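Note sheet for the following structure.
Just so you know, these numbers come straight off a predicted model, no measurement behind them.
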Amino acid sequence: MDKEHNLVPGNQLWKRFLFRIIYRADTKLGKLFDIILLLLILASTFIIMMESVPMLDKKFHTTFIICEWIISVFFTLEYCLRIAVLKNKKCYLFSFFGVIDFLSLIPFFLSFFFPITKYFLIFRMLRMLRVFRVFNLLDFMNDGTVIVRALKNSSRKIYIFLLFLIIFSVIVGSMMFMVEGGRPGFETIPQSIYWAVVTVTTVGYGDVSPITPMGKFFAVILMLAGYSIIAVPTGIVTAEMRNKRQNLELTCERCGNEDIDDDARYCKQCGKKLA
């Protein structure tokens, strides 16, 4: 996935002008463009949600359709302009925001053939991530990067844990099938496994529950085990995040300066080379 900050504007003057407006938020026009974009995303999301309410859709159906068309045409033109003003177009197309922009636009055209797909326009909410750039909140994005890296580094441990959880749920579900003897909700092993998963994850829908004393005994054990099981992945990711944060919190050995950028090679106060 390419990074959007590597984008290069075209040589023509109008491309450089539009590039500054579309991709940067350091000018009044650029910030105004991004704010309008964010407001349209919120409006589009609101319209999609209201369309799912039969009473409102029946009363304002035409209004919803017109507004959605206007917003979608704007987003289509904006997407085309984002591509047109760039010299390295592939960098945008395969960047994180480029993929998000495409996914938030394509449901509109798919809805011509499959009307139900219009509700996938809700993916436009992902474009709200640009609010961090618009309002200079990139530090929050850096914190998000720490979480993503922690999840990636602990992925093998989580995979092993999920495999154990699957095996555990299959065994307990099969045992409940035998204990309950095909009673409602436990007619088959897959249905019993469904109950085991719902119980061990402490979701507890309440749509299926054991009747026999032995079944209730197994349920108590499973519910108590669920609390300890859920804590495992949380502890794994938290430990990884703590290690990552400790690595990021550098301190200069000479002057004790703690205000050090992640990619810094020298201390900004005394100039000492960092380890």
Side-chain angles (χ1 to χ4, degrees), residues 1-51 63-114 117-149 261-264:
M1 193 75 73
D2 294 326
K3 295 182 179 179
E4 199 180 42
H5 58 69
N6 294 327
L7 302 179
V8 179
N11 296 325
Q12 291 89 336
L13 184 61
W14 68 272
K15 288 185 178 181
R16 292 181 177 275
F17 176 74
L18 289 178
F19 177 86
R20 191 74 180 272
I21 295 175
I22 296 174
Y23 287 101
R24 298 289 182 262
D26 55 350
T27 63
K28 290 184 178 180
L29 284 177
K31 184 162 288 188
L32 177 63
F33 176 82
D34 285 334
I35 291 175
I36 292 174
L37 199 65
L38 296 176
L39 291 175
L40 288 177
I41 293 170
L42 291 175
S44 176
T45 304
F46 177 78
I47 291 171
I48 294 168
M49 291 191 294
M50 293 304 101
E51 278 187 302
T63 304
F64 288 154
I65 295 296
I66 293 174
C67 291
E68 191 55 55
W69 264 85
I70 294 173
I71 294 173
S72 296
V73 168
F74 175 86
F75 283 138
T76 303
L77 293 174
E78 179 240 352
Y79 182 74
C80 293
L81 282 175
R82 284 184 181 275
I83 298 173
V85 301
L86 295 176
K87 182 181 292 185
N88 52 343
K89 295 177 173 53
K90 286 186 178 180
C91 286
Y92 165 70
L93 292 173
F94 296 102
S95 67
F96 173 77
F97 283 117
V99 173
I100 293 300
D101 291 346
F102 177 78
L103 291 177
S104 64
L105 188 63
I106 199 65
F108 171 71
F109 297 100
L110 287 177
S111 65
F112 296 158
F113 309 99
F114 309 100
T117 59
K118 69 178 180 180
Y119 294 108
F120 284 115
L121 288 172
I122 203 73
F123 285 135
R124 283 177 180 168
M125 280 296 292
L126 290 172
R127 301 193 66 185
M128 291 293 293
L129 292 173
R130 279 196 171 90
V131 72
F132 294 105
R133 177 173 61 84
V134 176
F135 297 106
N136 298 320
L137 301 176
L138 291 178
D139 288 340
F140 289 94
M141 291 294 286
N142 293 333
D143 291 339
T145 302
V146 172
I147 297 175
V148 172
R149 288 178 180 174
D261 298 330
D262 297 343
D263 57 348

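- Atom-to-atom distance recorded for Ser44:OG and Met49:CE is 10.0 Å, nearest 0.5 angstrom.
- Side-chain atoms of Lys89 come within 3.5 Å of backbone atoms of Leu86 as a donor-acceptor pair (strictly under, hydrogens ignored).
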Between Ile48 and Arg124, does the side-chain contact (heavy atoms from CB on, under 4.5 Å) criterion hold? Intermediate values first, please. CA-CA 11 Å; Ile48 294 168; Arg124 283 177 180 168; 5.6 Å; no

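- The shortest side-chain heavy-atom distance between Pro9 and Val85 does not fall under the 4.5 Å cut-off.
- The heavy-atom pair separating Gly10 from Arg16 by the smallest distance is O-CG, 3.4 Å.
- Note on ring orientation: taking the six-membered ring where Trp is involved, the planes of Phe120 and Phe123 are parallel (angle under 30°, cut-offs 30° and 60°).
- Using a 4.5 Å cut-off on side-chain heavy atoms (C-beta onward), Lys118 and Glu51 make contact.
- Across Ile41 and Arg127, no two heavy atoms sit closer than the pair CD1-CB, 3.4 Å.
- Here the CZ atom belonging to Phe19 is positioned 14.0 Å from the CD atom belonging to Gln12, to the nearest 0.5 angstrom.
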Report task. Apply the test side-chain contact (heavy atoms from CB on, under 4.5 Å) to residues Tyr92 and Tyr23: give CA-CA distance (whole Å), side-chain angles for both, the deciding distance (0.1 Å), then the verdict. Result -> CA-CA 11 Å; Tyr92 165 70; Tyr23 287 101; 3.6 Å; yes

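- Summarising the geometry, atom CG belonging to Leu93 is positioned 12.0 Å from atom CZ belonging to Arg82; distances are rounded to the nearest 0.5 Å.
- Annotation: Phe46, atom CZ; neighbour count of heavy atoms from other residues, nucleotides and ligands within 6.0 Å does not exceed 12.
- Separation of atoms CD1 (Ile122) and OG1 (Thr45) is listed at 4.5 Å; rounding is to 0.5 Å.
- Taking both residues in full, the closest heavy atoms of Ile71 and Ala43 are given as CD1-CB, 4.2 Å, listed atom of the first, atom of the second, then distance.
- In terms of heavy-atom proximity, Thr76 sits nearest to Phe109 at OG1-CZ, 3.7 Å.
- Side-chain contact between Leu126 and Phe96 is absent, with no heavy-atom pair separated by less than 4.5 Å.
- In this structure, Tyr79 and Phe102 have tilted ring planes: the angle between them lies in the 30° to 60° band.
- For the atom pair CG of Leu18 and CG of Leu13, the computed distance is 9.5 Å after rounding to the nearest 0.5 Å.
- Taking the side chain as every heavy atom from C-beta outward, Lys87 and Asn11 approach each other to under 4.5 Å.
- Counting heavy atoms from C-beta outward, Leu37 and Phe74 have side chains that approach closer than 4.5 Å.
- Nearest heavy-atom pair across Leu81 and Ile22 is CB-CD1, 3.8 Å.
- In terms of heavy atoms, Pro107 sits closest to Ser104 at CD-C, 3.9 Å.
- Relative ring orientation between Trp69 and Phe112 is described as parallel, the plane-to-plane angle staying below 30° on a 0-90° scale split at 30° and 60°.
- Environment of CZ in Phe17: sparse, with no more than 12 heavy atoms of neighbouring residues, nucleotides or ligands closer than 6.0 Å.
- To the nearest 0.5 Å, atom CD1 of residue Ile36 and atom CD of residue Glu78 are 11.5 Å apart.
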